[in-house]
Amino acid sequence: MKLKEIYAKNNNFPVISFEVFPPTYEYTQLLDEIEILKKYNPGFISLTCGAGGKGSKSIELLQLIQNKKLNVMPHFTCINSSKESIENGIREIEKLGVENILALRGDIPEGYSELNKKDFEFACDLVKFIKEKTSLCVGVAGYPEGHIESPDLKNDIKYLKHKIEMGADAIFTQLFFDTDKFLAYKEMLEKNKIYIPLIAGIMPIISKKQVEKMTSMARITIPEKIKNKIDKYATDNKSMLEFGITYATEQCEKLISNDTIGLHFFTLNKAYSTSKILDNIKKGG
Ligand code: FAD
């Protein structure tokens with residue numbers, strides 16, 4: 001099913017989706033985790049990619065997830081790639097019956113400069129290319145606090161709008177810990193006449209290291225009230241995990257009461273926290 005149809009369904013509960021990444025360990029472990037998550041009836045599983053957007057390893061995993069009768073949305077990056085390699089990658093994905101793709105620029109590789117620019121500079125170039133060549137539905141990334149390279153949110157939204165003009169069908173946000181920042185972003189997009197589905201990215205906190213890593217790579221505010229807890233449970237894994245579940249549950253409840261159309265969980269390839277959060281919100285709803 002296409003993103004357009006998935007988010008057009010008139011449910012009174014948001015569409016749930018799960019993000020996983022190709023692990024360096026055996027796939028069976030990840031497939032077992034996905035089996036646990038399957039019972040929450042996800043709209044789809046999104047599968048991240050490395051630089052270049054493809055790789056036989058990801059294709060093999062994509063098929064294994066499809067074998068579970070689950071819809072898969074592969075991520076696809078374009079920076080540093082030629083038109084030919086992108087077209088080959090997309091065709092390969094299309095042949096597998098995939099209907100949706102997350103079109104990304106990707107992070108700028110080390111040593112990349114004006115001199116070795118290839119065919120795609122920004123995600124909007126990839127969106128345009130995919131829309132011209134295929135009938136895939138296209139998701140794009142959005143940043144409630146602005147992308148790290150962007151001077152400000154206003155500028156970032158200007159380019160987000162450009163991705164939509166090129167044909168993007170849905171926006172998947174960067175994770176956030178300050179739910180009000182997402183709600184303010186939602187309002188700003190509406191003011192900018194951006195009406196395609198805006199899907200909230202939720203990452204349950206599992207460790208201090210994980211939070212530090214994420215917030216060093218992107219603009220993500222950590223509200224004071226959770227900073228203290230993250231410090232408090234820095235060496236107490238069990239309490240940190242439970243706190244992460246409680247906090248993300250609160251985030252989801254607030255998002256649901258503010259009519260959020262989709263909740264996209266960055267699962268880190270583990271079902272435990274995400275399934276607990278979903279048990280909590282389904283009980284409440
Ligand atoms: P763009 O939309 O191209 O934006 C990049 C920057 O350029 C922004 O600052 C923007 O404001 C600016 N910009 C955009 N268009 C223009 C223009 N026409 N002129 C001037 N400036 C412009 N990375 C991976 O490698 N693999 C993944 O699987 C992956 N999955 C992700 C999933 C989600 C939900 C999110 C939010 C991010 C993901 N990323 C992934 C990270 C992403 O690749 C990086 O954040 C990357 O730095 C930007 O990608 P983008 O598609 O947002 O780029």
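Below, each value reflects all heavy atoms present in this structure, side chains not excepted, and no hydrogens, waters or symmetry copies. Order of listing sets the numbers, starting from 1, for every ligand and every atom in it. Heads up: numbering here begins at 1 and tracks the sequence.
Ligand 1 lies within reach of Gly106, whose nearest heavy atom is under 4.0 Å from it. For the ligand labelled ligand 1, residue Tyr143 lies inside the 4.0 Å heavy-atom shell. For the ligand labelled ligand 1, residue Leu102 lies inside the 4.0 Å heavy-atom shell.
At a heavy-atom distance under 4.0 Å, no atom of Glu121 approaches ligand 1.
Residue Thr173 places no N or O, backbone or side chain, under 3.5 Å from any N or O of ligand 1. The distance criterion of under 3.5 Å between nitrogen or oxygen atoms is not met by Glu19 with respect to ligand 1. Between Asn155 and ligand 1, no pair of N/O atoms sits closer than 3.5 Å. Of the polar atoms of Arg105, at least one N or O is found under 3.5 Å from an N or O of ligand 1, judged by distance alone.
Each of the following atoms of ligand 1 lies closer than 4.0 Å to a heavy atom of Gln174: 36 (C). For ligand 1, the atoms sitting less than 4.0 Å from at least one non-hydrogen atom of Thr77 are 24 (C), 25 (O), 26 (N), numbered in the order shown with element in parentheses. Listed by atom number, the atoms of ligand 1 under 4.0 Å from Ala141 heavy atoms are 35 (C), 36 (C), 52 (O). Residue Thr48 approaches ligand 1 through these ligand atoms, each under 4.0 Å from one of its heavy atoms: 28 (O).
Around atom NZ of Lys128, no more than 12 heavy atoms belonging to other residues, nucleotides or ligands sit under 6.0 Å away. Around atom CD of Glu242, more than 12 heavy atoms belonging to other residues, nucleotides or ligands sit under 6.0 Å away.
Glu149 has a carboxylate O that lies under 4.0 Å from a charged side-chain N of Arg105, or vice versa, which qualifies the two as a salt bridge.
Classification of the Tyr7-Phe44 ring pair by plane angle, with boundaries at 30° and 60°, yields perpendicular.
Looking at every heavy atom in both residues, Ala234 comes nearest to Lys208 through CB-CD, 3.8 Å.
Of the options Leu104, Ile171, Val140, Asp156, the smallest heavy-atom separation from atom 38 (C) of ligand 1 is shown by Leu104. Selection from Phe172, Phe266, Phe122 by nearest heavy atom to atom 15 (N) of ligand 1 gives Phe122.
Of the candidates Asp259, Ile281, Ile256, Ile256 is the only one forming a side-chain contact (heavy atoms from CB on, under 4.5 Å) with Pro14. Screening Asn280, Leu263, Leu278 against Cys252 for a side-chain contact (heavy atoms from CB on, under 4.5 Å) leaves a single residue, Leu263.
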In residues 160-178, what donor-acceptor pairs under 3.5 Å come from side-chain atoms, sequence neighbours left out?
| unit_1 | atom_1 | unit_2 | atom_2 | d |
| --- | --- | --- | --- | --- |
| Lys161 | NZ | Asn192 | O | 2.5 |
| Lys163 | NZ | Ala141 | O | 3.0 |
| Asp169 | OD2 | Lys131 | NZ | 2.8 |
| Asp169 | OD2 | Val138 | N | 2.8 |
| Thr173 | OG1 | Gly201 | N | 3.0 |
| Asp178 | OD1 | Asp180 | N | 3.1 |

Return a table of donor-acceptor pairs under 3.5 angstrom between the side chains of residues 34-43 and protein atoms on other chains or two or more places apart.
| unit_1 | atom_1 | unit_2 | atom_2 | d |
| --- | --- | --- | --- | --- |
| Glu35 | OE1 | Lys68 | NZ | 2.5 |
| Lys38 | NZ | Lys68 | O | 2.8 |
| Tyr40 | OH | Ser275 | O | 3.3 |
| Tyr40 | OH | Asp279 | OD1 | 2.7 |
| Tyr40 | OH | Asp279 | OD2 | 3.4 |

